Amino acid sequence: MAYYIGQIVGILVTIGAIVNLQLKNKKHMFILSIVVNLLSALNIYLLGGAGSGAIICVVAVFQLFVSLWHDKKGTDVHLAEQIIFFVLYVTAGVITFKSPIDILSIAAAILYMLAMFQKKEQNIRLFLLGNMTCWTVYHAVLGSTAIFAQIAGIISSLIAMYRYRKK
């Protein structure tokens with residue numbers, strides 16, 4: 001039963017990913033990303049996924065809250081905060097490491113960290129392309145419907161990059 005619920009959650013992740021990268025407003029992108037990351041963690045957990053994937057999605061939620069706070073205050077992310085999240089992602093990935101595929105979730109996490117600390121939406125989308133590529137392979141190995149979120153996210157991101165390009 002958990003398998004089927006996990007696959008349904010993966011479909012919800014897909015819908016969120018498609019909508020997220022088409023949003024123009026950075027704050028809205030971050031808020032929807034919180035929801036998508038929580039659903040992704042649940043998807044991976046329910047499918048008995050590789051170790052690091054679920055915990056990395058949870059750490060991403062904390063990073064998003066920090067990013068939202070900085071965005072609201074109009075302040076830059078400090079180097080110390082970037083280092084803390086880098087350490088959190090790598091530590092969470094290493095502690096929960098179960099198989100070589102977990103390396104992809106750690107790489108995806110680092111790219112995600114870099115994306116969430118960008119000021120420009122186009123830069124966010126660029127780093128997320130790398131992130132989603134790593135997650136695509138991860139979800140393929142896991143056999144999750146969330147792979148469609150990553151594929152749709154890659155396509156959506158490319159469309160948004162074209163749509164919101166500077167002319």
Side-chain angles (χ1 to χ4, degrees), residues 1-72 85 88-89 92-93 101-102 104-164:
M1 184 65 157
Y3 173 81
Y4 296 109
I5 294 170
Q7 296 295 16
I8 291 168
V9 171
I11 292 168
L12 294 174
V13 169
T14 300
I15 293 166
I18 290 169
V19 170
N20 193 34
L21 289 171
Q22 291 303 312
L23 297 174
K24 191 171 184 176
N25 182 285
K26 183 176 168 182
K27 179 181 177 183
H28 296 150
M29 290 172 74
F30 284 176
I31 291 169
L32 186 53
S33 289
I34 289 169
V35 173
V36 169
N37 272 288
L38 289 172
L39 289 172
S40 294
L42 181 60
N43 169 261
I44 293 167
Y45 175 77
L46 288 172
L47 296 178
S52 62
I55 193 70
I56 282 174
C57 289
V58 173
V59 173
V61 169
F62 291 111
Q63 182 186 359
L64 283 160
F65 279 116
V66 170
S67 296
L68 275 169
W69 182 80
H70 278 291
D71 197 49
K72 182 179 179 180
F85 277 105
L88 281 173
Y89 280 125
I101 197 68
D102 286 332
L104 285 173
S105 63
I106 295 168
I110 293 168
L111 289 166
Y112 190 78
M113 179 198 73
L114 294 171
M116 292 303 103
F117 289 139
Q118 298 300 308
K119 290 182 180 183
K120 297 179 181 177
E121 290 83 356
Q122 288 293 65
N123 290 344
I124 293 169
R125 291 180 184 100
L126 187 61
F127 278 103
L128 288 179
L129 281 174
N131 165 277
M132 290 181 285
T133 301
C134 291
W135 282 120
T136 298
V137 176
Y138 183 90
H139 286 296
V141 171
L142 190 58
S144 170
T145 54
I147 189 172
F148 299 115
Q150 305 309 318
I151 293 168
I154 289 168
I155 293 167
S156 180
S157 185
L158 291 171
I159 291 168
M161 289 177 78
Y162 175 77
R163 185 174 164 197
Y164 300 123

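Please read these numbers as outputs of a predicted model, since none were measured by experiment.
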- Message: What's the separation between atom CZ in F30 and atom NZ in K72, rounded to the nearest 0.5 Å?
- Response: 15.0 Å
- Message: Is there a side-chain contact between Y164 and R125 in this structure, where contact means two heavy atoms from C-beta onward sitting under 4.5 Å apart?
- Response: yes
- Message: Let's go through I151 and M132 carefully: what are the C-alpha distance in whole Å and the side-chain angles of both, what is the deciding distance for side chain to side chain contact (heavy atoms under 4.5 Å, CB included) to 0.1 Å, and is it a yes or a no?
- Response: CA-CA 8 Å; I151 293 168; M132 290 181 285; over 6 Å; no
- Indicate the ring-plane relationship of Y138 and W135, choosing parallel, tilted or perpendicular according to the 30° and 60° boundaries. perpendicular
- Contact list for residues 22-47, test salt bridge (charged side-chain N to carboxylate O under 4.0 Å, His left out), sequence neighbours left out: K26-D71
- Taking all heavy atoms of C134 and all of A108, pick out the closest pair and write down the distance. CB-CB, 3.7 Å
- T14 and A152 have their tightest heavy-atom pair at CG2-CB, 4.5 Å
- Can you find a heavy atom in the side chain of Y112 that is under 4.5 Å from one in the side chain of L128? yes
- Short question: side chain of N20, backbone of G16 - any donor-acceptor pair under 3.5 Å? no
- Message: If we ignore hydrogens and angles and just use 3.5 Å, is the side chain of D102 paired with the main-chain N or O of S52 as donor and acceptor?
- Response: yes
- Message: Let me confirm one number: the CZ-CG distance from R163 to L158, rounded to the nearest 0.5 Å.
- Response: 14.0 Å
- Verdict with supporting geometry, I101 and V137, side chain to side chain contact (heavy atoms under 4.5 Å, CB included): CA-CA 8 Å; I101 197 68; V137 176; 4.2 Å; yes
- Message: To check you understand the geometry: which heavy-atom pair defines the closest contact between A41 and V58, and what is its length?
- Response: CB-CG2, 4.0 Å
- If you round to the nearest 0.5 Å, how far is CD1 of I18 from OG of S156? 7.0 Å
- Shortest non-hydrogen contact between I147 and A140, atoms and distance: CD1-CB, 3.5 Å
- Going from CG on L104 to CG on L142, what distance comes out if it is rounded to the nearest 0.5 angstrom? 12.0 Å
- Query: Okay, side chain of Q118, backbone of I124: is any donor-acceptor separation there less than 3.5 Å?
  - Reply: no
- Query: If only atom types and distance count, is the side chain of Q150 paired as donor or acceptor with the main-chain N or O of T133 below 3.5 Å?
  - Reply: no
- Message: Run the side chain to side chain contact (heavy atoms under 4.5 Å, CB included) test on Y89 and I56 for me, step by step, so that the C-alpha distance in whole Å, both residues' side-chain angles and the decisive distance to 0.1 Å come before the verdict.
- Response: CA-CA 6 Å; Y89 280 125; I56 282 174; 4.0 Å; yes
- Item | Closest approach of L88 to V59 (non-hydrogen atoms, all atoms of both residues) | CB-CG1, 4.0 Å
- Out of curiosity, I31 CD1 to L23 CG, how far, rounded to the nearest 0.5 Å? 10.0 Å
- Message: Has T145 got a side-chain atom pairing as donor or acceptor with Q7's backbone, closer than 3.5 angstrom?
- Response: yes
- Note on the structure: Output for pair (I15 CD1, L39 CG), nearest 0.5 Å, gives 10.0 Å
- Yes or no on side chain to side chain contact (heavy atoms under 4.5 Å, CB included) for V66 and F85, after CA distance, side-chain angles and deciding distance? CA-CA 10 Å; V66 170; F85 277 105; 3.7 Å; yes
- Query: What pair of heavy atoms forms the shortest contact from I44 to C57, and how long is it?
  - Reply: CD1-SG, 4.3 Å
